[in-house]
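Computed from a predicted model, the values in this text were never measured in an experiment. All values below come from the heavy atoms of this structure, side chains included, with hydrogens, waters and symmetry mates left out.
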Amino acid sequence: MTSLRYFSAALAAAAIILGVSSPASAMTNFSRKYSVPCATCHSSWPKLNDVGVQFKLNGYQLPDSQDGGQASKVPLTESLFLDVSPANPPVSIIMYGGATLIQPDNGYKGKQEGKFFCCVDGNDVNLEVAGSAAPNIAYRISLPWGKENISQGYLRFTNLFSPGFLGVDLGLMNVIDNDVVSDKDSWFAVPLPAYWGSAYHPGSAPIGLGAHISDTGGRIYGRPNYGMFTYEVGSFTGAGITGRQEDDNAQAYTIMGRVDGENISFSLRHWGNKSAWRNREANLPSGEKLTFVADSSVLDEKTDQLILGVRYSDPKFVVDLVADRTTYSLVQPRNIMDGETVIHSLEVSPQNRSAFSLGLTYIFNQWMEGGIAASVINMEKYTTTLDGVMVEMDAVSTTVGQLRFTFSPAVNTRIALEAQMDLTGAEGRVGADGLEYDVQNKLVLQWQLVL
């Protein structure tokens, strides 16, 4: 145990010297800087408690403080402390990976044919630098190791006019980050289906959403005097939101309100974006398939989304609820042209989706947690009209259940086993092309190491 402790200390020292860091989900640099346990800010990792929320909104400074980039004492061992200057803040590394055991020869269109194992985000390393550069000026950079693009990189200006009254973020950021419950703090292995749709059926996948993706823009927010109420207004380019293709003309905006009580908190967000990234397909009576290509210069897709998040926290358990109502519209017909002549035209009525995710995390002790979650996603009926001929698309309902157990043999290590159960009825396991798919259950093993 002693040798392991000194080995961990050496790795931490190396991380500080090299200037690398950890991701949003495990910012142990803050724990080291302020010499406080992770439970100071987290009710159940990665869920933030009220102190953690105030810490983040205050520019990664403890509530009621503006300590800026002051130096700190980082304990590497019982007898060795390292001075950390403002130019070299304490940093961390997170490594994670896993494997998924899938039912072979099942799934939609045989996609899982002969397949037992696949990756869970691969075996990956994420680096993150975040902290306060000066009183009320903070920064954040999230870098997935080995990938071309950063996932976040912005400046934060806090406490303008009075404590908590106004903050400003500028740069590339997660656009749903201050909600009571977001997919970024989901304790389960897969993102919350209420944000993403069900991975078990393509008919319930995101329909022009993308609010969970980072994007470039700006937002203003505040929690006046760090009381109960938090507000946020944001405007983004939309290129990252609808980034399935180049879509530089996209637009996105959001507004959010949040209330935090002693044990219960809730938030309500409206999200909207205009885009042109989703190609539409239709079949002629002859069987010929037509593709109506999205034109990024014509923003003919519109998404409106309401997201309600509710969290109840107790020292022994946390309950999360997310409800989602989304409308995706193709606001004008798509045409296939021959010069200036329209030879085929496609119209699609608004597509509506309602979904919710409910999860319970039970905290046995500092080493063990267990949880159960259920998600239901309902896609309502809609119509497509090809060359004046209307076809009604059936409603789709999918249900997913999850069971999870997490063991932490050390404060910086987590091992989790999760069962994901496809509970969708037979009528919901039919694709738009009429093909049925089998029930698709999974077992997920995850590991995580934070330095």
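- When all heavy atoms are compared, the tightest approach of Pro350 to Thr327 is CB-CG2, 4.0 Å.
- Here Lys56 pairs with nothing under the side-chain hydrogen bond (donor to acceptor under 3.5 Å, both in side chains) rule; sequence neighbours left out.
- A donor-acceptor contact under 3.5 angstrom links the side chains of His270 and Asp304, judged on distance only.
- Remark: the Thr291 side chain and the Asn279 side chain contain no N/O donor-acceptor pair separated by less than 3.5 Å.
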For this session: Begin with the C-alpha distance, continue with both residues' side-chain angles, and end with the deciding distance and a verdict on side-chain hydrogen bond (donor to acceptor under 3.5 Å, both in side chains) for Asn136 and Asn159.
Result: CA-CA 6 Å; Asn136 299 322; Asn159 299 313; 2.7 Å; yes
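- Looking at Arg269 and Asp179, a side-chain N of the basic residue comes within less than 4.0 Å of a carboxylate O on the acidic one, giving a salt bridge.
- Listed by first and then second residue, the salt bridge (Lys or Arg N to Asp or Glu O under 4.0 Å) pairs involving residues 159-170 are Arg156-Asp169, Asp169-Arg219 (not counting sequence neighbours).
- Take Phe266 and apply the ring pair (Phe, Tyr, Trp, His ring centres under 6.0 Å) test, not counting sequence neighbours, and it matches no residue.
- Judged purely by distance below 3.5 Å, without hydrogens or angles, the side chains of Ser132 and Gln61 never pair a donor atom with an acceptor atom.
- With hydrogens and angles left out, the side-chain atoms of Asp300 and Gln332 include no donor and acceptor closer than 3.5 Å.
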Exercise. side-chain contact (heavy atoms from CB on, under 4.5 Å) between Ile336 and Val342: does it pass, once the steps are laid out?
Worked result: CA-CA 6 Å; Ile336 296 178; Val342 176; over 6 Å; no
Problem set entry | Stepwise salt bridge (Lys or Arg N to Asp or Glu O under 4.0 Å) test for Arg311 and Asp320 | CA-CA 5 Å; Arg311 171 168 293 168; Asp320 283 340; 2.6 Å; yes
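- Around the CZ atom of Phe165, the shell of radius 6.0 Å holds no more than 12 heavy atoms that belong to other residues, nucleotides or ligands.
- With no hydrogens or angles considered, no side-chain donor-acceptor pair links Gln448 and Thr413 at under 3.5 Å.
- Under the rule for a ring pair (Phe, Tyr, Trp, His ring centres under 6.0 Å), His344 has no partner lying at least two apart in sequence or in another chain.
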For this session: Step by step, work out the side-chain contact (heavy atoms from CB on, under 4.5 Å) result for Thr384 and Glu392.
Result: CA-CA 7 Å; Thr384 63; Glu392 185 175 72; over 6 Å; no
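- Judged purely by distance below 3.5 Å, without hydrogens or angles, the side chains of Arg258 and Ser265 never pair a donor atom with an acceptor atom.
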Problem set entry | Verdict with supporting geometry, Glu301 and Ser275, side-chain hydrogen bond (donor to acceptor under 3.5 Å, both in side chains) | CA-CA 5 Å; Glu301 301 170 343; Ser275 60; 3.1 Å; yes
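- For Asn178 and Thr230, the side-chain atoms include no donor-acceptor pair closer than 3.5 Å.
- Of all heavy-atom pairs spanning Tyr328 and Thr303, the tightest one is CD1-OG1, 3.6 Å.
- Inspection of the Tyr226 and Asp260 side chains reveals no N or O donor paired with an N or O acceptor under 3.5 Å.
- Remark: Arg404 is positioned above the aromatic ring of Trp187, its terminal NZ or CZ atom under 6.0 angstrom from the ring centre and at most 45 degrees off the axis.
- The shortest heavy-atom contact between Tyr221 and Leu57 is OH-O, 3.5 Å.
- Contact check for Tyr253 versus Phe236: no side-chain heavy atoms found under the 4.5 Å cut-off.
- Donor-acceptor pairing under 3.5 Å is recorded for the side chains of Gln420 and Glu418.
- Of all heavy-atom pairs spanning Glu380 and Ser354, the tightest one is OE2-OG, 4.2 Å.
- Between Arg140 and Ala130, the closest heavy-atom pair is CG-CB, 4.0 Å.
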For this session: Before giving the answer on side-chain hydrogen bond (donor to acceptor under 3.5 Å, both in side chains), spell out for Glu369 and Ser44 the whole-Å C-alpha distance, their side-chain angles and the decisive distance to 0.1 Å.
Result: CA-CA 9 Å; Glu369 295 181 357; Ser44 169; 3.0 Å; yes
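- Listed here is the closest heavy atom pair of Val322 and Ala194: CG1-CB, 3.7 Å.
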For this session: Show your reasoning for whether salt bridge (Lys or Arg N to Asp or Glu O under 4.0 Å) applies to Arg334 and Asp295.
Result: CA-CA 9 Å; Arg334 287 265 178 95; Asp295 182 353; over 6 Å; no
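- Counting heavy-atom neighbours within 6.0 Å of Met390 CE, excluding the residue itself, gives a total of 12 or less.
- Under a 4.0 Å N-O distance rule, the pair Glu347/Arg280 does not qualify as a salt bridge.
- Checked against salt bridge (Lys or Arg N to Asp or Glu O under 4.0 Å), Arg223 has the following partners two or more places apart in sequence or in another chain: Asp50.
- With no hydrogens or angles considered, no side-chain donor-acceptor pair links Thr424 and Thr398 at under 3.5 Å.
- Residues Asp324 and Gln305 have side chains that bring a donor and an acceptor to within less than 3.5 angstrom of each other.
- Checked against ring pair (Phe, Tyr, Trp, His ring centres under 6.0 Å), Tyr362 has the following partners two or more places apart in sequence or in another chain: Phe364.
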